[in-house]
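Before any comments, here is the structure.
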Amino acid sequence: MRPFSIAIHGGAGTILKSDMTSDLEQAYARGLEDAVNAGYAVLEEGGSAINAVKAAVVILEDNLLFNAGRGSVFTKKGVQEMDAAIMDGKKLAAGAIAGVRNVRNPIELAAEVMKNSNHVFLSGKGANDFAIKQGVKLEPDEYFFSQFRYDQWKVMRDSDNYSLDHTHQGLEELMKDKKFGTVGAVACDSEGNIAAATSTGGMTNKKYGRIGDSPLIGSGTYANNGTCAISCTGHGEPFICAVAAHDVSAMMEYKNLSLHDAMHEVVMVKLVEMEGEGGMIGVDAQGNISMIFNSAGMYRAMKNSKGDFAVGIYQD
Ligand code: ASP
């Protein structure tokens, strides 16, 4: 049997040990462990990479600590609008949704778009109507609410986050203290097929209708059996302009770079030049995993059939 592996992330940003209580740190570590184990269990039973990334992301979406599904951040208008994408590297098939509300697991809706819509990307009301048609589970607004995200938004809601109002009490600290809680997973199954999935509430106080990199195929999410599967997290706008996930794939394909070297070039050189704070996780069809970020931290975990297992938050 070929080696199989999975990696997940729970967002990148200014995650500092000094801001963390040991209880909170443990809760994050447990959340990451649960998700990586759920995805790994699918692979261990001979399941596909696409089912493994979906299983891992569902667990992270259900966890209030992460900015995806339950616990998503609030928009400028004080509501939660979620984006997600999934891609199957074997078929080069993808499904994505943006600006959906009340969908319990946006990654399941993205998977429905991939399998059952004849389209790749649905947004807003059309995506929500498709969720109802497909019987994807919905929840009331209260289900998604978290006091922490609400307080974060209250500090920012009167500001324009693209031109900071430094006089607003607490805002400067909040903007400096950037944490992007998006979640994602990449996996390689025992047949050498790879897949990627990303799900997010986006960025706090984002403008009505703003779509980040996460659901954009090639920017925040990409998978191709010939190269790599990538899921990104960070400040979406530069990741979109860098076409970050596909750029890794292109460097592997056209320059013959390894997964690690291509990811390093994109995250530590190209994105840094564009002030694109964040990181990404990646896997290739041999099951090699890389997790690279240019921010202070990235919630992350990996597990493979060789017995390697790791959970991390800060730079090592
Ligand atoms: N990349 C996401 C976005 O810009 C945010 C994140 O990674 O947390 O919507």
Side-chain angles (χ1 to χ4, degrees), residues 7-15 28 31-32 35 57 60-61 63-76 79-86 96-101 106-107 110 121 123-124 144 146 148-149 152-153 156 161-162 174-175 177-186 196-222 230-248 266-267 271 274-282 291-300 313:
I8 61 162
H9 70 75
T14 315
I15 305 161
Y28 273 113
L32 292 166
V57 167
L60 293 165
E61 287 177 335
N63 188 328
L64 201 63
L65 287 175
F66 300 101
N67 170 24
R70 190 167 169 250
S72 284
V73 298
F74 289 84
T75 66
K76 179 92 183 151
V79 297
Q80 287 147 314
E81 294 177 352
M82 299 169 286
D83 304 338
I86 191 161
I97 50 107
V100 299
R101 298 193 52 195
I107 204 64
F121 202 164
S123 73
F144 298 89
S146 98
F148 163 70
R149 300 289 182 203
Q152 205 177 36
W153 169 70
M156 292 179 74
N161 62 352
Y162 289 101
L174 199 60
M175 289 308 292
D177 186 28
K178 286 179 272 173
K179 296 187 182 71
F180 308 111
T182 290
V183 308
V186 294
T198 313
S199 179
T200 187
M203 293 178 75
T204 298
N205 214 32
K206 67 183 180 182
K207 287 201 171 35
Y208 177 61
R210 179 264 188 189
I211 297 170
D213 61 312
S214 310
L216 295 182
I217 299 305
S219 292
T221 307
Y222 188 70
I230 301 284
S231 171
C232 300
T233 173
H235 187 177
E237 280 68 11
F239 278 72
I240 293 172
C241 296
V243 201
H246 186 265
D247 200 27
V248 174
V266 173
V267 177
L271 281 166
M274 298 169 75
E275 296 184 17
E277 183 183 6
M280 56 174 69
I281 53 173
M291 305 187 277
I292 299 186
F293 50 101
N294 60 35
S295 46
M298 180 168 83
Y299 296 107
R300 60 199 187 277
I313 298 180

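Counting starts at 1 for both ligands and their atoms, following the listed order. Quick note: numbers below take in every heavy atom, side chains included, and nothing from hydrogens, waters or symmetry partners. These numbers were taken from a predicted model, which means no experiment stands behind them.
When each atom of ligand 1 is checked for a heavy atom of G202 under 4.0 Å away, the hits are 9 (O). Numbered from 1 in the order shown, with element, the atoms of ligand 1 that lie under 4.0 Å from a heavy atom of T233 read 6 (C), 7 (O), 8 (O). Those atoms of ligand 1 that come under 4.0 Å of a heavy atom in S214, given as number and element, are 1 (N), 2 (C).
Residue H235 has no N or O atom closer than 3.5 Å to an N or O atom of ligand 1. Looking at T182 next to ligand 1, an N or O pair under 3.5 Å apart turns up.
You'll find the side chain of M274 stays beyond 4.5 Å of the side chain of H235, heavy atoms only. Proximity of M82 to F144: side-chain heavy atoms (C-beta onward) are separated by under 4.5 Å at one or more points. For the pair I97 and F121, the minimum side-chain heavy-atom distance is 4.5 Å or more.
Aromatic ring pairs are classed by plane angle as parallel below 30°, tilted from 30° to 60° and perpendicular above 60°; the pair Y28 and Y299 is parallel.
Proximity annotation for atom 2 (C) of ligand 1: of G234, G236, G212, G234 comes nearest, heavy atoms only. If you check each of D213, T200, I240 against atom 3 (C) of ligand 1, the one with the closest non-hydrogen atom is D213.
Side-chain N or O atoms of T221 include none that pairs as donor or acceptor with a backbone N or O of P215 at under 3.5 Å.
Partners of S72 according to the side-chain hydrogen bond (donor to acceptor under 3.5 Å, both in side chains) rule, which considers only residues two or more places apart in sequence or in another chain, do not exist here.
Residue contact check for ligand 1: E237 places no non-hydrogen atom closer than 4.0 Å to it.
Proximity of C232 to ligand 1, defined as any heavy-atom pair under 4.0 Å, is not found for any part of the residue. Neither the backbone nor the side chain of M298 has any atom closer than 4.0 Å to an atom of ligand 1 (non-hydrogen atoms only).
Put simply, the residue from N67, L65, V183 that forms a side chain to side chain contact (heavy atoms under 4.5 Å, CB included) with L60 is V183.
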